[in-house]
Every structure is written in C-alpha cells, then in structure tokens.
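To start, the structure itself, in structure tokens.
Please read all numbers here as calculations on a predicted model, not as lab measurements. Chain letters run A, B, ... following the sequence lines, proteins first, then strands; residues in each count from 1.
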2 protein chains.
Amino acid sequence: MSSRSRVPRPAARRLSLYLRELKLRARDGSATISSRQLGEALGLTDAQVRKDLAHFGHFGQPGVGYRCVDLLERLRMIMGIDRAWPCVLVGAGNIGRALLSYRRFEEDGFEIKAVFDRSRDIVGTTIAGHKVRPIEDLARGVASLKAEIGIVAVPADAAPAVAAMLVDARIRGILNFTPCRLDVPAAICVRNVDFSVALEQLAFDVSLAAAQDDES
Amino acid sequence: MSSRSRVPRPAARRLSLYLRELKLRARDGSATISSRQLGEALGLTDAQVRKDLAHFGHFGQPGVGYRCVDLLERLRMIMGIDRAWPCVLVGAGNIGRALLSYRRFEEDGFEIKAVFDRSRDIVGTTIAGHKVRPIEDLARGVASLKAEIGIVAVPADAAPAVAAMLVDARIRGILNFTPCRLDVPAAICVRNVDFSVALEQLAFDVSLAAAQDDES
DNA sequence: CGTTGTGAAATGATTCACAGCT
DNA sequence: AGCTGTGAATCATTTCACAACG
C-alpha cells in the first residue's frame with residue numbers, strides 16, 4: 001500500500017491503542033464508534049483520532065462514525081498483525097516464565113514457538129507447556145521455525161551476546177526486556193521494555209505533580 | 001526549583017536514558033562525558049543532549065563536558081529519585097513474581113514494601129522474601145507504609161477495582177501492567193507497561209521495514 | 001442533524017550554527 | 001584545540017475550523 005513515509009511516528013504508535021479499544025467495543029457489541037468516543041476512551045481529541053486514521057485510508061462514514069469490526073480488521077492489516085508472527089524467547093528466568101504464561105499474546109497471532117536458555121539446570125525442563133532448549137540451538141531453531149521476532153529476557157550481562165546471536169540467525173525484530181541498549185544493524189527493529197525506566201518516569205511524574213500542588 | 005512547565009515532555013522522558021548511561025560510565029570510572037559521547041550511546045545528536053540538559057540547569061563545563069558523578073546526582077534530584085520510593089505490589093501472579101525477583105528496582109530506591117493478592121491460595125505464602133497479604137489489607141498497608149507508588153500486576157478483569165482501591169488509599173502513582181486504561185483522577189499519575197502493545201508496535205516496525213526493503 | 005476528512009494555523013520539538021568559555 | 005549553552009531556523013505534530021457527506 002501507499003507510501004507510509006509521511007505517516008507521523010506518534011500516529012503510527014497510537015494504532016495499537018485504537019486497536020485495543022476497538023477490540024473492547026467490538027466485544028461489547030458496538031456496531032460503530034465515533035472519533036470523539038474513541039478519543040475520549042484514550043485521552044485524545046477527536047481531531048487527532050480522525051487525522052491519525054486518515055493517514056492510512058478513508059475508513060469512516062460521515063454522520064455515522066467508524067464501523068468497529070471493519071476498522072479493527074483494517075488496522076490489523078495495516079499493522080501487519082493480520083497473520084501469525086512466530087517468536088522465540090531467550091531466557092527462561094522470571095520474566096521469561098511470566099511471558100510464557102501470558103496468554104494474551106496468542107490472541108494477537110504472536111506465538112512463542114521455542115524457548116532457549118543457557119542454564120543447564122533449566123534446559124530440558126518444561127514451562128507452561130514449552131520445553132526449554134539449549135541456547136546453542138538458537139540459530140537452528142530460528143531458521144527451522146521461521147521465527148521473525150526474538151524476545152530477550154536474559155540477565156543484562158548476557159544481552160549483547162544474545163542479540164548478536166539473534167542477528168546472526170536472521171531475526172527481523174527484537175523485543176528487549178533487558179536494560180541494555182542493543183547494538184544491532186539498522187535493518188533490525190528493536191523495542192525496549194525497561195521496568196526501571198518506567199518506574200523512574202513514573203516517579204518523575206509524581207514529583208512534578210507534587211511540585212505543582214505546592215505552587216497552588 | 002524553576003518552572004518546569006516549559007520542559008518538553010520528550011526531553012523529560014529521555015532523562016531516564018541519560019541516567020542509565022551515566023551509571024554505566026560512572027561505574028566504568030569515566031570522570032567526564034561529552035554531549036556527543038552521551039548522544040552516540042543513546043542514538044541522539046549532541047545538540048539534543050545539550051538542549052535537554054540545559055532545560056534543567058547548567059551542568060556542563062565548556063571544553064570538558066559533564067562530570068559523570070555530578071550529573072548523575074543532579075539528574076537523580078531532578079527526577080525525584082534521590083530518595084526512597086516505597087511501593088506496593090498488587091497481584092502475585094507470574095508478572096508480580098518476576099517483579100519481586102527483579103533486584104534492579106532496589107538500586108534506584110524503589111522498594112516493594114508489601115504484596116497483596118486476592119487468591120486465598122497465594123495469600124500467606126512467601127515469594128522472594130515477601131509475605132503475600134490479602135487484598136483487603138491494601139488500604140491499611142498503603143497508609144502504614146506510606147507507599148506512594150502502586151504496581152498493578154493483576155488479571156485485566158480485576159484492574160479497575162484495584163485501581164479504585166489504590167486511589168482510595170491515597171496512592172500518588174500507578175505502574176500498570178494490565179492492558180486496561182485505568183480511569184483515575186488527574187492528580188494521580190499512571191504509566192502503562194503493555195507487553196502486547198510493545199509486540200504489536202514491533203511487528204508494525206518490522207512490517208514497515210520489510211515494505212521498504214521491497215521498494216528498493 | 002452529527003460526523004468525517006482536510007487544508008490552514010498554531011503549537012511543539014529538533015537541528016543548526018556559533019558566541020563564549022576552559 | 002574542544003566543548004557547552006542558546007537563539008534562530010527548520011522540521012514535525014497537533015489543533016482548529018469548516019466544507020462535504022450520509
């Protein structure tokens with residue numbers, strides 16, 4: 001489809017939020033939703049919702065709004081999640097285990113096809129139905145499963161090596177749960193989920209809110 | 001300190017990134033770091049680093065750069081993490097367990113002071129040194145521990161009720177691991193960590209990268 | 001009516017470029 | 001020399017406001 005180079009990045013990132021709200025509405029049986037309703041649910045203005053969606057096509061009906069199920073399906077196509085995304089997980093520690101038990105991924109086509117760990121104690125055990133394989137099998141596993149996304153949930157010190165292995169294995173994207181900045185070729189997408197950063201930013205927000213309280 | 005209303009939000013969010021890199025440099029024994037080095041490590045331009053930091057004060061020395069330990073301490077003050085932040089965790093499932101074992105929080109002054117769950121099977125057990133308490137004790141616990149941050153790691157259906165309880169308990173900030181948008185008064189800060197959203201955005205990025213490959 | 005889609009205006013953020021300091 | 005801090009210029013995003021539509 002058309003050139004998405006002109007789509008503002010913030011707009012592209014909000015698509016997941018629209019998707020989530022639409023799933024809820026569709027499940028609740030709403031036939032349509034207006035940009036105002038969608039915006040209200042997400043803390044955005046109606047104009048922003050319309051402009052965001054308009055970057056990708058003409059999905060709405062004047063006087064009516066957007067048909068939930070329709071828009072849902074269109075967004076899935078646009079985001080590339082109208083198909084299965086085979087994933088591999090590296091690291092079967094606490095975070096890895098939590099991810100394996102997190103059923104919500106599968107709803108969206110993300111399926112953890114294999115789990116790898118370096119610890120001899122963990123390799124061979126089964127966690128939430130997944131047998132843990134030795135890290136040495138990673139490249140072969142990625143290739144044979146045609147996995148495109150790698151989830152890194154290892155201790156920080158192992159992260160660079162794991163990232164390098166995933167790159168060698170021709171992975172396309174990495175979801176990084178370690179606090180390291182992974183140094184990978186530009187063609188490989190990385191998204192970081194850092195709990196400490198999230199907590200710090202929250203503390204910052206709370207501090208600022210407290211400072212504003214004091215002012216008034 | 002001065003009015004921070006004019007600090008761009010993106011700049012404020014990058015402070016955590018600067019902090020993380022500075023910790024590394026300080027640990028490695030670097031005395032100073034230039035805006036260019038800091039930017040390179042984080043994928044930003046030197047000008048942006050300087051402008052970001054200049055929003056909060058004059059921390060650098062022309063011809064030299066920034067003294068790592070100094071800047072580290074200043075950033076901690078600015079972000080409000082130069083003190084302890086007592087936290088409570090609600091939900092002792094897989095994610096909650098992972099968080100309890102995540103030692104990195106404590107390094108930064110975030111300490112989980114109490115854990116609550118609604119399941120009779122889990123209440124009373126001890127996880128990573130924390131005894132799990134019944135959810136009914138939440139309000140009392142928050143008050144007696146003077147907890148300011150609540151971490152929500154419960155199933156999605158329980159999230160709204162838990163958020164309401166935390167609000168009633170006079171919490172200041174919520175770190176939300178559920179895929180729900182929590183509806184709380186404006187004075188209460190919420191930061192969401194949604195694994196599915198992260199995966200979706202990653203898949204989107206990968207799709208776009210693939211589309212660009214095809215073009216060329 | 002109410003709602004979308006969209007140019008135009010306003011706001012916000014980043015980059016540039018350089019004076020001034022060490 | 002090397003580097004910071006910053007006004008000015010550029011670039012990006014959001015909001016406004018309204019014509020066109022069902």
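- A pairwise comparison of heavy atoms in B/I151 and B/C87 identifies CD1-CB, 4.4 Å as the closest pair.
- Listed by first then second residue, pairs satisfying salt bridge (charged side-chain N to carboxylate O under 4.0 Å, His left out) with a partner in residues 40-60 of chain B read B/R14-B/D52, B/D46-B/R50, not counting sequence neighbours.
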Would you give me the side-chain donor-acceptor pairs under 3.5 Å for residues 93-105 of chain A, sequence neighbours excluded?
residue: A/R97; atom: NH2; partner: A/A92; partner atom: O; Å: 3.2
residue: A/S101; atom: OG; partner: A/R97; partner atom: O; Å: 3.1
residue: A/R103; atom: NH1; partner: A/E106; partner atom: OE2; Å: 3.1

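- The stretch residues 58-67 of chain A touches DNA chain C through A/H58, A/F59, A/G60, A/Q61, A/P62, A/G63, A/V64, A/G65, A/Y66, each having a heavy atom under 4.0 angstrom from the strand.
- Applying the side chain to side chain donor-acceptor pair (under 3.5 Å) rule to pairs touching residues 166-191 of chain A yields A/N176-A/T178, A/N176-A/N192, A/R191-B/Q201, A/R191-B/D205, sequence neighbours excluded.
- Reading DNA chain D from its 5' end, the first and the last nucleotide to sit under 4.0 Å from a heavy atom of chain A are D/dT13 to D/dG22.
- The backbone N or O of A/A203 lies less than 3.5 Å from a partner atom in the side chain of A/S207, making a donor-acceptor pair.
- What you find for B/F59 and B/L71 is that their closest heavy atoms are CD1-CD1, 3.7 Å.
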Pairs counted as Watson-Crick or G-U wobble with both distances under 3.5 Å: what dot-bracket string results for DNA chain D, using | for bases tied to another strand? ||||||||||||||||||||||
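- Near DNA chain C, defined here as any heavy-atom distance below 4.0 Å, the residues from residues 22-38 of chain A are A/S34, A/S35, listed numerically.
- In this structure a side-chain-to-backbone donor-acceptor pair under 3.5 Å is present from B/H130 to B/A128.
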Between N or O atoms, less than 3.5 Å apart, protein on one side and nucleotides 11-14 of chain C on the other: list the pairs.
residue: C/dT14; atom: OP1; partner: B/R14; partner atom: NH1; Å: 3.1
residue: C/dT14; atom: OP2; partner: B/R14; partner atom: NH2; Å: 3.0
residue: C/dT14; atom: OP2; partner: B/Q48; partner atom: NE2; Å: 3.3
residue: C/dT14; atom: O5'; partner: B/Q48; partner atom: NE2; Å: 3.1

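- Legend: ring pair (Phe, Tyr, Trp, His ring centres under 6.0 Å) pairs involving residues 155-185 of chain A, not counting sequence neighbours, sorted by first then second residue: A/F177-B/F195.
- Screening residues 23-47 of chain B for ring pair (Phe, Tyr, Trp, His ring centres under 6.0 Å) gives no qualifying pairs among residues at least two apart or on separate chains.
- Applying the side chain to side chain donor-acceptor pair (under 3.5 Å) test to pairs two or more places apart or on separate chains, those with a residue in residues 148-158 of chain A are A/R83-A/E148.
- Here the SG atom belonging to A/C189 is positioned 12.0 Å from the CG atom belonging to A/L175, to the nearest 0.5 angstrom.
- Here the side chain of B/W85 pairs no donor or acceptor atom with the backbone of B/A147 at under 3.5 angstrom.
- When the side chain to side chain contact (heavy atoms under 4.5 Å, CB included) test is applied to B/V167, the partners found at least two apart in sequence or on another chain are B/V184, B/P185, B/I188.
- Minimum heavy-atom separation, B/V206 to A/G173: CG2-CA, 3.8 Å.
- Going from atom CG of A/L53 over to atom C1' of C/dT4 covers 11 Å, rounded to whole Å.
- Remark: side-chain polar atoms of A/Q48 are not paired, donor with acceptor, to backbone N or O of A/T45 under 3.5 angstrom.
- For A/R50 and C/dG5, the shortest distance from a side-chain N or O to OP1 or OP2 is not below 4.0 Å.
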